[in-house]
Every structure is written in structure tokens, then in C-alpha cells.
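Please read these numbers as outputs of a predicted model, since none were measured by experiment.
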Amino acid sequence: MAKVTIHSNNLENIAIGTLDAKWSVRGDRILRYYIDVRHTKLNLHKEVSAPEIFILQSKLDALIAGWDEKYALYMKRQSLLSGQSAADELTIEAGLKLESLGRILAHTLRVDDKIDWETLKDRSKYDYPRDFPEPKPSSSPAKLPEYIEPKIGFFQLILGKKAGILAEAEAEHSAAVHAWDEEETRRKKSLAHALAEWEKRRKTFWDLHKAQEDEFKTEQAASHAEVDRLASDVASGDEEAVIEHASLVLERSDYDGLFEKSYLLQYDRPRKLIKLAYDLPSIDVLPSTKMVKFIKISGELKEAFISDRESKANFEAVAYQISLRTVHELFEADEAGNIDAILFNGFVDFIDPATGLQKRSCLLSFLVDRSTFCAIDLSRVEPKTCFKSLKGVSAASLSSLAPIAPVMDLDTEDRRFVDAREIGASLDHGTNLAAMSWEDFEHLVRELFEKEFASRGGEVKVTQSSSDGGVDAIAFDPDPITGGKIVIQAKRYTRTVGVSAVRDLYGTMMNEGASRGILVTTADYGPDAYNFANGKPITLMNGANLLHMLERHGFAANIDIAAARLASA
């Protein structure tokens, strides 16, 4: 699979998950890439997604650059020495942050929001190493033995031993030269072998880098082609391309680390309408420090905060500015003329102080056409008044977090859903459900429950196959009394299902906000599983229940656990 690269000065603080992909039903192409990124020091997390790797890379680069700026400020704050000078510096910093809240809309007027497609192309060169890392083998020859004429004494000369002494010295020298010559021959042979091996490794090293450079250039060219393709698709008004272009614009919008951007985009091509659900920053994440005091007695730095009234006023001002700024960015970047109108729905997530539960409210909503919006001089407007003049809908006080009905809703489709496959028609009495593939079994369960809920107008959608105990299907039952969202998990087991699987289902129900959970298996459940499910909105269907349900809807099959075990052994 393709890969992405994290560019950061603080890589040790960034955790990147596995690059996942959503494949087409046929499994012949990737529809979208997903990757989780976390900043361990700042406790930040975001899932980044895109249909192409180069778009994903661009989004990651923008995200990490923002995180790096946040971390630099964090480290600066941590490194400040305690004392009055630190308090003064932090007070100035706090004041600048509060002032910046009033310049959110003005900031966008100094920026060209159009996407320069060439900047998305990687123009870097392959990073060749300077040299082959291994030193070249070398060795120096030993010094050639030197002949030293022996000294002959007076008596040796008288006794006539001179000739013998000279002959012996010459013989020793000749032997030493011969030994040196043999050693030199061995040295040269060994050096030649070492040089040949070194040259071989050196050639392999450079051949490998040349191959890697060729691969790098091929991938780079393919990436450039994808950028050109996206640019061409945007120019032609392709629906997915328009959405990705808009997401690139929004990701590049610099809020100086004020909040983590999150949004959902949809495009209605016939109407040239962009529909946007945008997560506004909650009151508690906006800057609220007014000044920092140095307490001499304790040596501590103590923050003083703005009033609740000021916090609420800042939140309202920020929300209206973000809505206008976002619409401006999308219209300005739309050089191809794909957008005639934009729907902006602003949402906020918060903890309900009355219940302690997580809630989500739509606080403001407006639909505006290009000609009306572009006729406005944003440098001179009062954001709230401008929003209201565009027939925007919002509560009297945004800080009350009272939900409003949006001007128009988005189609909230779960991206985990995949196209369903019909499995039932291929079943017969010889089909052993316990030996089916995981994916076929999940699609069969989806098909079966779709028939079960069809009589009351319900629908069932299968999620990406995982065989890991996740959500395998989601049922939407419209019955006002017994209906709601139902989580279905399919477990093609050949062993007894334990209580842990039922606990996992219950946890998944809580996470999904489901009213009921159904666990379907080809085997049976242990007593602990039944005990845990007792009194909870959980239905446990064993193999016998499954066969009866299949028969009721005109399907024939069998469950042979022993045969399935034997086949998998």
C-alpha cells in the first residue's frame, strides 16, 4: 500500500496509526485512505482522510504544521522561568490571544484562498548519500629486508672464516627476501579479493539507490499525475473532486491553533450547492486568560481570567466570524465556478451541566448564494448583523447552546457502510454456514435482517468487513416504540461464544448510541454470556435460531461445527 510521511521537528511526540483504506466492494480499487494521528504531549488526536495519497499528505502537512506551532508555544510556556518577567510575558501573550479573536474574519481578507496545484506536487530530489559508507580496503607492504654486511673480526679473518660468514649472511638475507616476497604475494592477493568484494558491495549499494531513485521518480510522477487529474476533475465539476478541493481549502485555513478543525462536506452538483456541517470551538477551548500574576510568597504564577460575560461574548463573536470566513474562503477558492451557493451549519459539542452527558447542538445556520455574498464588504461588517442580514438562523444567545433547526440538513451517511451483496440466493441445504467466509457471513446476516425489518420500513446496512468483533451491520427500525438504531454483530464461530463478546457488544451499543444489540453466531453461548445479557437490551441468536430465521425467509442451509473445525484444521 502507499505510504505517507510525517514532517515535524517533534517526531518523538507524534504517534501515527496504520494507514487504512476503504476498498470497493469488488476489492479492485481503494475508495479512500484513513490514518489516525496523535500528539502525545498536547493530547491532540485527529483522523485524516482523503481519496488520494497526495491529498492525504497535504492535509497531514497542514495539520502537523499547526501542531508544531502549538507545541512551540507550549514549550515556550514550560521553559519560562518563574518570576515577574515570566508573568509579564505571559500576560502580553494572553492579551494578544484575546485580541486575535476579533481578527478572525479580517485575517482571511489578507489571504488568497485559491489552491495552487503546483504546490501540491513534490518537487524534492532523491536524497542520495554522499558516499559509500564503507572505507576502501587498503594495506601497506612490509619493508623489504635490507642486506647488512656482517662485521668480520681480526681472528675470523686470520682463520679464513670470512667467506663462510658472508655466505651465511647472504643466505639469511636471501631467505628473508623470499619470505617477504611470499608474504607480499599473499597480501596483494588478499587485498585484491577485499577490493573486489568492496567494489561488489559498493556497486550493489549504488545500484540499490539508483533503483530507489527510479522508484521515487515513478511515484513522484504518479503523484503529479494525480494532482493534475484532481485539478482537471475540479475544473469539470466532478462531485468528489469538488468536495476534496473544498476540504483542501478548509484545511489550509490558518486559525493560529485556536481549535482543531472538523467538518463534513457534501456537494449537490445539479444545484451547485456546497453543504457544510462545521464544528465550532466550544467556549471552554477559547482563550480566557486576561493576565498572569507572580505570587512572590509561593513563587507561583497565577492566572486571572476574563468574566463569564466576556467569555460568552467572545464565543458569539468567534462563531459568527468563522461562519462568514468559511463561506468567503470557499467562494474565493472556487475558480472553476462549481459553487453557486453554500449552506453553513455550525455545530458545537459540549457537556450538558444538567445531566453530565455529551451533547451536540446546531447553533447557527445560513444558506447564501454567491452573488449576494460576494456583494458584501467583509472588511467593514459587524459579523452578527451581517449573518442576520443573510437570513441566518441562530439562537438569541449562542452561549446558551440552545439548538436550532438548520435551514437545511446534510445527508448523514455513515462512511463505514459498504455496498451490500446478496448471499441468500446462493445457499442450499449443503451450505455449511460455520465454514463460510467472514465477509459472506456478515453480508448474509445483513440480508436476513433486512428482510426481517422490511415489513415495517426499516433498513440494514453492512459495514466494512473486519472479523474482529466490531460493528458488522447497523439496522434502523422506524417503529416508534421498539425501534431505533440497532447494532448487529455476526460471529461465525465453531466454539462457544464467551461473555467477553457480549460485553464488547454492550460497549459498542453505548458508543453507537444504539437502542438494542443483536449478536448472531453459528455456535452457542456460554452461561456467563446469557447471564450478562439478562435484563439488557441484547438479543443472543445461536445457530439454531439463525437456521429457523433463514427458513422463515425462504433460505436453506445447515450448520456443521465438526466439519468446519476439520476444514480449518
Side-chain angles (χ1 to χ4, degrees), residues 1-19 21 33 35 37-41 53-54 56-58 60-61 64-65 68 71 75 118-152 162-227:
M1 183 183 290
K3 58 184 179 180
V4 293
T5 306
I6 296 296
H7 305 287
S8 172
N9 298 323
N10 307 287
L11 286 175
E12 67 277 7
N13 299 320
I14 295 175
I16 183 168
T18 304
L19 180 63
Y33 295 93
I35 194 165
V37 191
R38 294 180 182 275
H39 199 295
T40 55
K41 288 289 186 182
I53 284 294
F54 75 89
L56 189 71
Q57 183 69 63
S58 179
L60 271 177
D61 290 343
I64 297 301
D68 281 350
Y71 186 65
M75 291 303 295
E118 290 302 312
T119 63
L120 297 180
K121 296 179 179 180
D122 179 13
R123 298 293 184 182
S124 62
K125 303 294 184 181
Y126 179 75
D127 187 16
Y128 264 106
R130 281 187 161 187
D131 202 354
F132 181 52
E134 291 185 32
K136 189 173 183 177
S138 64
S139 66
S140 301
K143 188 176 181 181
L144 180 67
E146 183 180 354
Y147 175 74
I148 301 174
E149 188 172 334
K151 292 182 180 180
I152 302 173
K162 178 181 177 180
I165 292 173
L166 291 176
E168 184 180 354
E170 289 175 356
E172 288 179 357
H173 176 257
S174 178
V177 170
H178 181 71
W180 175 88
D181 188 57
E182 287 184 337
E183 180 59 32
E184 181 66 6
T185 300
R186 286 193 295 269
R187 183 190 70 81
K188 289 180 177 179
K189 184 177 181 181
S190 176
L191 178 60
H193 178 73
L195 283 171
E197 291 296 317
W198 180 82
E199 285 289 355
K200 188 185 297 183
R201 292 194 299 274
R202 182 171 177 269
K203 184 178 185 304
T204 300
F205 177 81
W206 291 117
D207 286 348
L208 174 62
H209 277 282
K210 182 61 173 66
Q212 290 177 346
E213 181 189 30
D214 292 342
E215 183 180 359
F216 173 83
K217 289 181 177 178
T218 299
E219 291 179 355
Q220 196 175 59
S223 175
H224 292 183
E226 287 298 327
V227 173

Restricting to non-hydrogen atoms, name the atom on [X] and the atom on [Y] that form the minimum distance, rounded to 0.1 Å.
X	Y	answer
Arg187	Ser140	CD-O, 3.7 Å
Leu144	Trp180	CD1-CE3, 3.3 Å
Thr40	Glu12	OG1-O, 4.4 Å
His224	Asp122	NE2-O, 2.9 Å
Tyr71	His39	CD1-CE1, 3.5 Å

Counting only N and O atoms by type, is there a donor-acceptor contact under 3.5 Å from the side chain of [X] to the main-chain atoms of [Y]?
X	Y	answer
Gln220	Tyr126	no
Ser174	Glu170	no
Thr204	Lys200	yes
Thr218	Asp214	yes

Find the distance between [atom1] ([X]) and [atom2] ([Y]) and round it off to the nearest 0.5 Å.
X	Y	atom1	atom2	result
Ile53	Tyr33	CD1	OH	4.5 Å
Ile64	Ser8	CD1	OG	6.0 Å
Asp68	Ile14	CG	CD1	5.5 Å
Ile35	Leu60	CD1	CG	6.0 Å

Which pairs of donor and acceptor atoms, one on a side chain in residues 128-137, lie under 3.5 Å apart (sequence neighbours left out)?
residue	atom	partner	partner atom	Å
Tyr128	OH	Glu213	OE1	2.7
Glu134	OE1	Arg201	NE	2.9
Glu134	OE1	Arg201	NH2	2.8
Glu134	OE2	Arg201	NE	3.1

Does a sphere of radius 6.0 Å around [atom1] in [X] hold more than 12 heavy atoms from other residues, nucleotides or ligands, not counting ones at 6.0 Å or beyond?
X	atom1	value
His7	NE2	yes
Lys121	NZ	yes
Asp127	CG	no

Excluding sequence neighbours, so at least two apart, what forms side chain to side chain donor-acceptor pair (under 3.5 Å) with Ser138?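 Listed in chain order: nothing, the list is empty.
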